[in-house]
Peer 1: 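The structure follows.
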Amino acid sequence: MEKQREWRIGAHVLRFEPPDILWGEYRGEISLAEMALMVDIYGELGRARPFFLVGDITESALLSAECRVYLSEHAESEWVQAFIYVGARLAHKAVAKGILLAAQLTGRAEEGDVAKVHFVATKAQARELILQLRSRHSSKVA
């Protein structure tokens, strides 16, 4: 049985909620070293089972170009069932979709993976969206 886990990386906190939700609280800027640690965690979790990444980016700065490149070149979209961002501004939305587009160009993501990116205003809306996405996925599998 999986257990709840937590990682603190600089000002950022990642919390794994079994069976398949990774809650991220991103505050301020993310350094390249912090991004590398986060990608390692995403990989560890995603290789065991694809998860929902819910990122609260209300207080987050935009990712630097080097972090965007690192993420698109080292993360695998198959690790994540959906990327759900809470509190995204327009620039965050463009960057989030742009990272997946870049990953597609390098062959690290499938065409159509941009549809895995969702934006909500609250964590409660994120939970509701996860329920909807799980329902859709189980009806496709059945």
Peer 1: Can you confirm whether Glu110 is buried at CD, in the sense that more than 12 heavy atoms of other residues, nucleotides or ligands lie under 6.0 Å from that atom?
Peer 2: no

Peer 1: With the side chain counted from C-beta on, respond yes when Met38 and Ile30 share a heavy-atom pair under 4.5 Å apart, and no when they do not.
Peer 2: yes

Peer 1: Tell me whether Gln81 contacts the main-chain N or O of Pro50 through its side chain, where contact means a donor paired with an acceptor under 3.5 Å.
Peer 2: yes

Peer 1: Answer yes or no: is there a donor N or O on one side and an acceptor on the other, between the side chain of Arg68 and the main chain of Leu63, under 3.5 Å?
Peer 2: yes

Peer 1: For Tyr70 and Ile99, what are the C-alpha separation, side-chain angles and deciding distance, and is it a side-chain contact (heavy atoms from CB on, under 4.5 Å)?
Peer 2: CA-CA 10 Å; Tyr70 187 89; Ile99 290 169; over 6 Å; no

Peer 1: Can you name the nearest heavy-atom pair linking Glu34 to Ala11, along with the distance?
Peer 2: OE2-N, 4.4 Å

Peer 1: What I'd like to find out is whether the side chain of Lys123 reaches to under 4.5 Å of the side chain of Val54, using heavy atoms alone.
Peer 2: no

Peer 1: For residues Ser72 and Val69, report the shortest heavy-atom separation together with the two atoms involved.
Peer 2: OG-O, 3.0 Å

Peer 1: With the side chain counted from C-beta on, respond yes when Phe16 and Trp7 share a heavy-atom pair under 4.5 Å apart, and no when they do not.
Peer 2: yes

Peer 1: I'd like to check His92 versus Val95 (side-chain heavy atoms, cut-off strictly below 4.5 Å). Are they in contact?
Peer 2: no

Peer 1: What are the two closest heavy atoms between His12 and Arg27, and how far apart are they?
Peer 2: CE1-O, 2.8 Å

Peer 1: Taking atom CG of Leu53 and atom CG of Leu22, what is their separation to the nearest 0.5 Å?
Peer 2: 5.5 Å

Peer 1: Can you check whether His74 reaches Met35 side chain to side chain, under 4.5 Å on heavy atoms?
Peer 2: no

Peer 1: Looking only at heavy atoms, what is the nearest atom pair of Val117 and Ala96, with distance?
Peer 2: CG1-CB, 4.2 Å

Peer 1: Between Tyr26 and Asp56, is any pair of side-chain heavy atoms under 4.5 Å apart?
Peer 2: no

Peer 1: Without swapping roles, check the side chain of Lys116 against the backbone of Ser77 for a donor-acceptor pair under 3.5 Å.
Peer 2: yes

Peer 1: What I'd like to find out is whether the side chain of Leu101 reaches to under 4.5 Å of the side chain of Val114, using heavy atoms alone.
Peer 2: yes

Peer 1: Looking at every non-hydrogen atom in both residues, tell me the closest pair between Pro19 and Arg49 and how far apart they are.
Peer 2: CB-NH1, 3.3 Å

Peer 1: Checking the side chain of Glu44 only, and the main-chain atoms of Asp40 only, is there a donor and an acceptor separated by less than 3.5 Å?
Peer 2: no

Peer 1: Count the heavy atoms belonging to other residues, nucleotides or ligands that lie under 6.0 Å from CD of Glu29, then report whether that count exceeds 12.
Peer 2: no

Peer 1: Could you tell me if the side chain of Tyr42 sits less than 4.5 Å from the side chain of Phe51, heavy atoms only?
Peer 2: yes

